[in-house]
K.L.:
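Have a look at this one.
Residue numbers begin at 1 in each chain, while the letters A, B, ... track the order of the sequences.
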Amino acid sequence: MTESAAPSSFAPLSLYDTLSATKKPLALQEPGRCKLYVCGPTVYDMSHIGHARAAVVPDILVRLLRASGLEVVYVRNITDVEDKIIKRAADEGVSPEVITTRYTDAYHDDLDALHCLRPDIEPRVTDNIPQIVALIERLVANELAYPVDGDVYYRVARFEHYGALSKRSLDDMQAGARVEINERKESPLDFVLWKGAKPGEPQWPSPWGPGRPGWHIECSAMSLRHLGETFDLHAGGRDLIFPHHENEIAQSQGACGPGTFARHWLHNGFIDFAGEKMSKSLGNFFTIREVRNLYLPEALRYFLLGVHYRSGLNFDVEAPCPSCRHLLDPEQQQASHCPACAAPLELARLRAHVRFPGLEEADDRVAYIYDTLLRCQRALATTSEPDAPQQNIVASAVSGMLPGFLAALRDDLNTAAAIAALSEPLREVNRQLEFKKKPEIAGRRPTLARFLADMPAISQHLGLFADDPTTYLRERRDRKAARLRLDVAEVERLLRMREAARAKKDWKEADRLRAELGLLGATLQDSAEGSTWTL
RNA sequence: GGCCUGGUAGCCAAGUGGUAAGGCAGAGCUCUGCAAAAGCUCUAUACGCCGGUUCAAUUCCGGCCCAGGCCUCCA
């Protein structure tokens with residue numbers, strides 16, 4: 001990492017805070033140390049790309065904090081007790097542990113592929129039952145919670161700041177109440193902390209009888225255990241603001257007192273499908289795994305970072321008719337036959353032929369950057385121009401790249417602007433790479449060298465572009481070939497034939513073979529070193 | 001109904017009280033046996049509507065329209 005990428009003191013970082021509803025500088029409780037809690041997944045199914053975003057956003061934050069020289073304590077929980085897990089286990093006739101283990105492993109595998117750093121601590125609810133029970137006991141002692149027939153509920157009306165995070169008053173909530181009828185509760189707004197056991201469900205002993213924790217108490221208990229009564233940052237998806245995070249505040253401050261718990265709240269926006277939260281027509285959502293089968297994970301990560309984290313991100317899906325390629329709109333996707341060619345439509349086939357234009361654009365862009373890296377490495381390795389190491393002749397676009405990039409990130413994690421800050425330097429480097437025939441151009445070598453020297457810091461912050469370019473580009477091509485159902489061996493065979501024709505300057509035959517390859521979907525690049533192909 | 005976001009060129013998307021990043025798509029050119037890739041140039045008088053504050057608003061305030069989210073598990 002270069003000097004400029006690793007400031008010795010903590011560079012100012014401003015973040016939007018949901019509680020105060022303002023962008024403000026991150027002020028740490030302890031200098032040099034940042035304690036962060038992120039709400040993790042409930043592990044009952046494969047994670048979708050929304051989960052990916054909720055993991056990538058805090059990952060960018062952690063990377064930035066660490067690169068700024070801070071020690072970060074990063075906690076992200078796994079929720080492994082929950083209704084949906086129990087249901088899934090019952091459906092499959094296996095124990096809940098089978099379900100939670102399977103999907104925890106898959107979650108880790110997906111996030112590793114997306115280059116998300118593992119949290120330092122990843123507590124599970126099932127390992128924290130005594131802590132949860134103890135916390136509930138404190139709330140009962142404070143008269144903020146009350147047991148009823150084996151359940152324990154939180155007495156919302158007793159917590160004066162309830163609604164501060166989600167900006168709504170108790171009256172608002174009462175008014176719009178779509179709350180289930182439960183005459184055990186003193187108020188419909190009260191929420192459950194402990195659920196009395198039902199036959200056949202996981203259960204643990206407690207002062208109120210056997211049972212299991214409610215949905216919100218776990219995060220209060222686990223953050224308290226691992227980060228203490230007060231910590232710096234709490235992150236999660238926007239939808240968690242109410243009621244989950246509102247309830248966490250009520251629980252934690254109810255037990256530990258005013259002014260405790262998270263000092264700063266970070267919430268990421270949602271991923272939308274076709275302008276709505278989810279696409280009903282194509283079966284609601286796409287999993288990370290499905291996307292990984294089609295594209296390299298860096299494409300997805302780049303795509304997720306292309307938009308500011310608080311904005312909604314539209315995940316465009318194009319569904320062509322598998323038979324005639326007519327683009328089906330959402331309504332037509334539900335039809336039994338294609339309106340253009342009358343071929344029968346079925347969901348599974350539709351999903352298999354789906355395209356993601358935004359992801360493809362991201363995929364191309366990532367490849368462009370890797371390609372620039374590769375060309376740059378080669379140019380520096382092969383040219384013998386005299387060294388001219390004066391820093392002042394580095395092209396300004398390139399010398400300004402890293403500072404501009406970091407400034408954008410430090411302004412509320414503006415990854416969109418940070419990525420945009422790479423465009424001009426990239427163009428400048430490629431421009432200089434064009435001067436093959438006059439390598440004596442002033443500043444060329446120092447500029448390329450500087451670019452190559454600064455890119456690792458950018459990779460480190462973004463979790464992107466850290467692979468060997470040749471390897472990445474080859475894997476990408478192979479993945480794309482598989483996606484387009486292209487016969488790689490056949491392409492290679494035709495390519496060799498064309499090489500032979502070109503050697504004989506038989507342009508007619510070479511062009512014929514290129515046309516044939518084009519039909520297969522391959523695009524050729526001829527160079528002095530020979531021909532290669534891409535898609 | 002309550003609360004909350006957002007509406008920027010063909011599409012995606014930053015940002016700002018003083019005349020608007022970046023990407024994609026499109027056009028021409030350079031390079032090339034021809035291409036591709038890369039680069040260069042160009043392209044759009046893009047800031048939902050109506051008022052107000054101001055010397056000046058896309059940026060602040062009010063109203064309206066539209067879209068979306070939350071109010072139930074949800075990243």
K.L.:
With A:Asp371, which residues qualify under salt bridge (Lys or Arg N to Asp or Glu O under 4.0 Å), at least two apart?
P.N.:
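A:Asp371 satisfies salt bridge (Lys or Arg N to Asp or Glu O under 4.0 Å) with no other residue.
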
K.L.:
Scan residues 37-45 of chain A against RNA chain B and write down, sorted by residue number, each residue with any heavy atom closer than 4.0 Å; if none is found, say none.
P.N.:
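Close to the strand, none.
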
K.L.:
Fill in the dot-bracket string of RNA chain B, one character per base: . for unpaired, | for a pair to another strand, ( ) or [ ] for pairs within the strand, taking Watson-Crick or G-U pairs under 3.5 Å.
P.N.:
(((((((..(((.........))).(((((.......))))).....(((((.......))))))))))))....

K.L.:
Excluding sequence neighbours, so at least two apart, what forms side chain to side chain contact (heavy atoms under 4.5 Å, CB included) with A:Arg184?
P.N.:
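So A:Arg184 forms a side chain to side chain contact (heavy atoms under 4.5 Å, CB included) with A:Val148, A:Asp149, A:Asp151, A:Tyr153, A:Asn182.
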
K.L.:
Walk along nucleotides 4-21 of chain B from 5' to 3' and tag each nucleotide B, S or - by protein heavy-atom contact under 4.0 Å, base first, then sugar-phosphate.
P.N.:
-S-------SSS-----B

K.L.:
Any residue in residues 81-90 of chain A with a heavy atom nearer than 4.0 angstrom to RNA chain B? Just list them by number, or reply none.
P.N.:
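Here the set is A:Glu82, A:Lys84.
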
K.L.:
Among residues 521-535 of chain A, which ones have heavy-atom contacts with RNA chain B below 4.0 Å?
P.N.:
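Going residue by residue through residues 521-535 of chain A, the ones with a heavy atom under 4.0 Å of RNA chain B turn out to be A:Thr523, A:Leu524, A:Gln525, A:Asp526.
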
K.L.:
Among residues at least two apart in sequence or on other chains, which ones pass salt bridge (Lys or Arg N to Asp or Glu O under 4.0 Å) with A:Arg477?
P.N.:
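Expected list: A:Glu492.
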
K.L.:
Mind jotting down which residue pairs meet the salt bridge (Lys or Arg N to Asp or Glu O under 4.0 Å) criterion with at least one end in residues 396-409 of chain A? Sequence neighbours excluded, please.
P.N.:
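Those involving residues 396-409 of chain A do not exist here.
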
K.L.:
Got a sec, which residues hit ring pair (Phe, Tyr, Trp, His ring centres under 6.0 Å) with A:Tyr472, two or more places apart in sequence or on another chain?
P.N.:
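Checked A:Tyr472 against ring pair (Phe, Tyr, Trp, His ring centres under 6.0 Å); matches are A:Tyr370.
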
K.L.:
Any salt bridge (Lys or Arg N to Asp or Glu O under 4.0 Å) pairs touching residues 417-430 of chain A, not counting sequence neighbours?
P.N.:
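Applying salt bridge (Lys or Arg N to Asp or Glu O under 4.0 Å) to every pair that reaches into residues 417-430 of chain A, excluding sequence neighbours, yields A:Glu428-A:Arg431.
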
K.L.:
Taking only residues two or more places apart in sequence, or in another chain, which ones meet A:Asp80 in a salt bridge (Lys or Arg N to Asp or Glu O under 4.0 Å)?
P.N.:
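Counting only residues at least two positions away or on another chain, A:Asp80 forms no salt bridge (Lys or Arg N to Asp or Glu O under 4.0 Å).
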
